[in-house]
Amino acid sequence: MDPHQHLNKTAESESSEKKKTRRCNGFKMFLAALSFSYIARALGGIIMKMSITQIERRFDISSSLAGLIDGSFEIGNLLVIVFVSYFGSKLHRPKLIGIGCLLMGTGSILTALPHFFMGYYRYSKETHINPSENSTSSLSTCLINQTLSFNRTSPEIVEKGCVKESGSHMWMYVFMGNMLRGIGESPIAPLGISYIDDFAKEGHSSLYLGGLNAIGMIGPVIGFILGSLFAKMYVDIGYVDLSTIRITPKDSRWVGAWWLGFLVSGLFSITSSIPFFFLPQNPNKPQKERKVSLSLHVLKTNDERNQTANLTNQGKKVTKNVTGFFQSLKSLLTNTLYVIFVLLTLLQISSFIGSFTYVFKYMEQQYGQSASQANFLLGVITIPTIATGMFLGGYIIKKFKLSLVGIAKFSLLTSIISFLFQLIYFPLICESKSVAGLTLTYDGNNSVASHIDVPLSYCNSECNCDESQWEPICGNNGITYLSPCLAGCKSLSGIKKSTVFYNCSCVEVTGLQNRIYSAHLGECPRDDACTRKFYIYVAIQVINSLFSATGGTVCILLIVKIVQPELKALAMGFHSMVIRTLGGILAPIYYGALIDKTCMKWSTNSCGVRGACRIYNSVFFGRVYLGLSMALRFSALVLYIVFIFVMKKKFQGKDTKASDNERKVVDEANLEFLNNSEHFVPSAGADSKTCNLDMQDNAAAN
């Protein structure tokens with residue numbers, strides 16, 4: 001062989017190997033960067049869900065307004081998802097994902113910023129206890145109220161403070177930050193998945209997607225751990241002397257360090273954006289410095305000459321595409337199966353989103369669990385259970401080679417089982433706490449028909465108390481009182497959290513003999529019977545989550561089989577838009593509005609304006625929270641039965657066995673659902689049988 005030929009072949013071989021290595025390295029770098037972005041978006045989503053109750057208390061807002069803040073993520077996502085999905089594939093996808101991660105991180109940091117401008121958190125705007133250490137004060141009848149008040153100020157100063165406070169709308173920064181996070185999140189899934197699909201080796205896309213979403217599961221795990229940790233920390237940690245704080249994490253006024261979670265998730269998102277700006281648009285083509293030859297220049301000139309003619313043709317194509325779009329949309333909306341399916345999944349997902357948004361509040365108010373305990377328990381229980389259920393569902397579908405109708409029946413069966421288990425939640429509702437002035441008369445001897453305007457008793461009628469105060473104390477009779485004054489207490493001793501009140505006349509008249517009629521700071525804890533119900537609730541939660549997840553992610557396959565092949569992308573995109581708009585945005589709002597109706601005691605600011613709820617009617621809260629979820633799910637089950645009946649008529653006599661490729665779609669949907677942090681973890685009253693929204697966006701983008 002000619003030595004020159006040998007050298008040429010060797011050079012060509014080395015060049016080919018370099019190109020192959022460069023391509024592999026570029027694609028692997030993209031996969032690594034995308035994995036971090038998946039972790040970041042899941043972390044940010046779960047932090048928001050876990051912090052919504054803390055945000056409600058910190059900004060002194062209602063649950064319905066907190067629900068609007070939570071839904072702002074979907075608002076931001078909807079604003080840009082169509083443009084991102086359509087134009088994203090034509091632009092530099094890695095850089096667009098990097099910009100998205102940067103915006104997502106900026107949104108999280110913007111959400112935390114109000115903490116640094118609002119001043120210290122005043123957990124008791126009406127009262128403030130500052131007893132001297134180890135002192136006992138003997139006061140006139142209920143003059144303890146004077147000790148509990150802030151220093152009196154002139155009406156002019158109070159009025160100025162009122163104007164300033166009522167004009168404070170710092171929660172809007174949280175709203176805008178969460179919306180910006182939704183805008184930033186929009187390109188990650190559709191552009192990331194399409195990039196993998198374009199440049200992965202043939203048949204390897206599913207493997208990469210599976211690994212990607214499995215790694216993304218780290219996000220919720222980190223989120224639950226951090227959320228539980230930060231919920232234990234006082235909101236102004238590092239700024240105030242914690243020994244002066246007299247409330248505990250189980251107090252309804254407690255606000256944890258919610259802002260720390262957003263700072264951590266924001267910085268993580270910004271860090272994850274950096275690698276994308278250094279990745280090539282096409283990993284198969286290295287960065288080239290081209291020398292434009294004369295022939296190429298001539299071709300380019302000819303192309304420019306033809307461009308004018310092409311523009312005319314493109315204008316005609318646009319008109320044709322717009323007309324075709326409306327015709328396709330009309331075809332979808334006249335498809336009975338598709339319309340029924342959209343409605344039933346909307347009901348299911350609305351139940352899921354609304355329930356999960358307020359599940360932490362439910363566990364706090366119903367069972368007396370702190371936010372930290374609720375966060376930790378949900379994370380420990382639901383993540384492994386859902387993962388197990390989803391992979392079990394995929395295995396059953398493959399094992400028995402279920403037809404399309406069979407898959408729908410399997411999903412219906414698991415939905416019915418989950419629904420029946422969820423009915424057990426109703427007997428687990430605890431009785432409302434015994435609170436003098438809300439559920440009992442102030443003397444504690446009789447129950448009241450309504451918590452509104454309960455008249456004072458002879459034990460505190462001469463105390464000149466402010467009935468709007470919320471400084472709860474627990475009497476040694478097991479009854480909670482709204483304030484020491486309304487309990488008729490006349491003396492106190494101790495410091496901060498260990499303050500004890502004595503000679504409480506309203507405690508005295510409950511029949512205690514030869515005992516000191518005392519009370520200590522804080523609400524009375526739940527009784528043993530309610531604690532036992534909580535353990536049963538947790539056990540049912542595990543079973544319910546397992547069945548919900550087992551048949552819950554096959555809807556992607558159902559969507560693509562009930563519409564014409566050319567309408568698949570539009571069908572999933574329209575479905576995603578409906579779910580995000582009517583489910584993701586509206587569900588937290590109307591859930592919150594109904595939960596607000598169960599409030600018995602609201603906080604008030606210096607202007608007398610209503611703020612956040614301090615205590616709920618536990619029975620009413622449980623019935624509304626669970627009842628709304630069950631109503632939505634029952635309606636979905638009825639539509640599911642109708643859906644299967646219509647499907648059987650349509651596909652009767654046809655071969656509807658799921659192909660291998662279709663089962664891969666189910667597997668990918670299972671994995672992606674696990675990573676969907678915005679709608680993650682089934683709660684009490686929630687249904688995890690949701691079509692994954694991101695997967696729909698991905699498919700629409702592709």
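The structure presented is a predicted model; accordingly, all values stated were derived computationally and were not measured.
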- I196 vs L34 side-chain heavy atoms within contact, under 4.5 Å: yes
- Item | side-chain contact (heavy atoms from CB on, under 4.5 Å) evaluation trace for I188 with Y38 | CA-CA 8 Å; I188 295 176; Y38 264 53; 3.8 Å; yes
- Item | Whether S228 side chain and I225 backbone form a donor-acceptor pair below 3.5 Å | no
- Message: Tell me if a side-chain donor or acceptor on S186 pairs with a main-chain N or O of I183 at a distance below 3.5 Å.
- Response: yes
- Note on the structure: d(L113 CG, M176 CE) to nearest 0.5 Å is 10.0 Å
- Query: Would you say Y338's side chain and A571's backbone share a donor-acceptor pair under 3.5 angstrom?
  - Reply: yes
- Message: Can a donor-acceptor pair be found, under 3.5 Å and without considering hydrogens, that links the side chain of Y358 to the backbone of P588?
- Response: yes
- So, E74 and T581: side-chain donor and acceptor under 3.5 Å apart, yes or no? no
- At their closest point, which heavy atom of R181 faces which heavy atom of S108, and how far apart are they? CD-OG, 3.4 Å
- Separation between CG of L582 and CG of L343, rounded to the nearest 0.5 Å: 9.5 Å
- Query: Between M48, M50, H115, which is the residue that forms a side-chain contact (heavy atoms from CB on, under 4.5 Å) with W258?
  - Reply: H115
- Should Y208 and L31 count as side-chain neighbours, where that means a heavy-atom distance under 4.5 Å? yes
- Could you tell me the separation between the OG atom of S411 and the CG atom of L344, rounded to the nearest 0.5 Å? 8.5 Å
- Got a donor-acceptor contact below 3.5 angstrom from the T414 side chain to the T550 backbone? no
- Which pair of non-hydrogen atoms, one from L412 and one from Y640, has the smallest distance, and what is that distance? CD1-CB, 3.8 Å
- Task: May I ask you to decide if the ring planes of F352 and F356 are parallel, tilted or perpendicular, using 30° and 60° as cut-offs?
- Result: parallel
- Main-chain N/O of S269 paired to S272 side chain as donor or acceptor, under 3.5 Å: yes
- Task: Report the residue from T345, T336, I340 that forms a side-chain contact (heavy atoms from CB on, under 4.5 Å) with F643.
- Result: I340
- Task: Evaluate the criterion side-chain contact (heavy atoms from CB on, under 4.5 Å) for residue pair T111 and W259; output intermediate values, then yes/no.
- Result: CA-CA 8 Å; T111 302; W259 51 277; over 6 Å; no
- Looking at NZ of K401 and CD1 of I407, how far apart are the two atoms once the value is rounded to the nearest 0.5 Å? 13.5 Å
- Task: Compute whether any side-chain donor of one residue and acceptor of the other, for S72 and N178, lie under 3.5 angstrom apart.
- Result: yes
- Check: L347 main-chain N/O paired with S350 side-chain donor or acceptor under 3.5 Å: no
- Message: With a 6.0 Å cut-off (strictly less than), is the heavy-atom count around CZ of F278, excluding the residue itself, greater than 12?
- Response: no
- Aromatic ring pairing F276/F30, orientation class (parallel under 30°, perpendicular over 60°, tilted between): perpendicular
- Message: Please identify which of these residues, V359, L378, I353, N375, meets the side-chain contact (heavy atoms from CB on, under 4.5 Å) condition with K49.
- Response: I353
- Would one find more than 12 heavy atoms of other residues, nucleotides or ligands at under 6.0 Å from atom CZ of F376? no
- Task: Could you tell me whether the side chain of S548 and the main chain of S545 form a donor-acceptor pair under 3.5 Å?
- Result: no
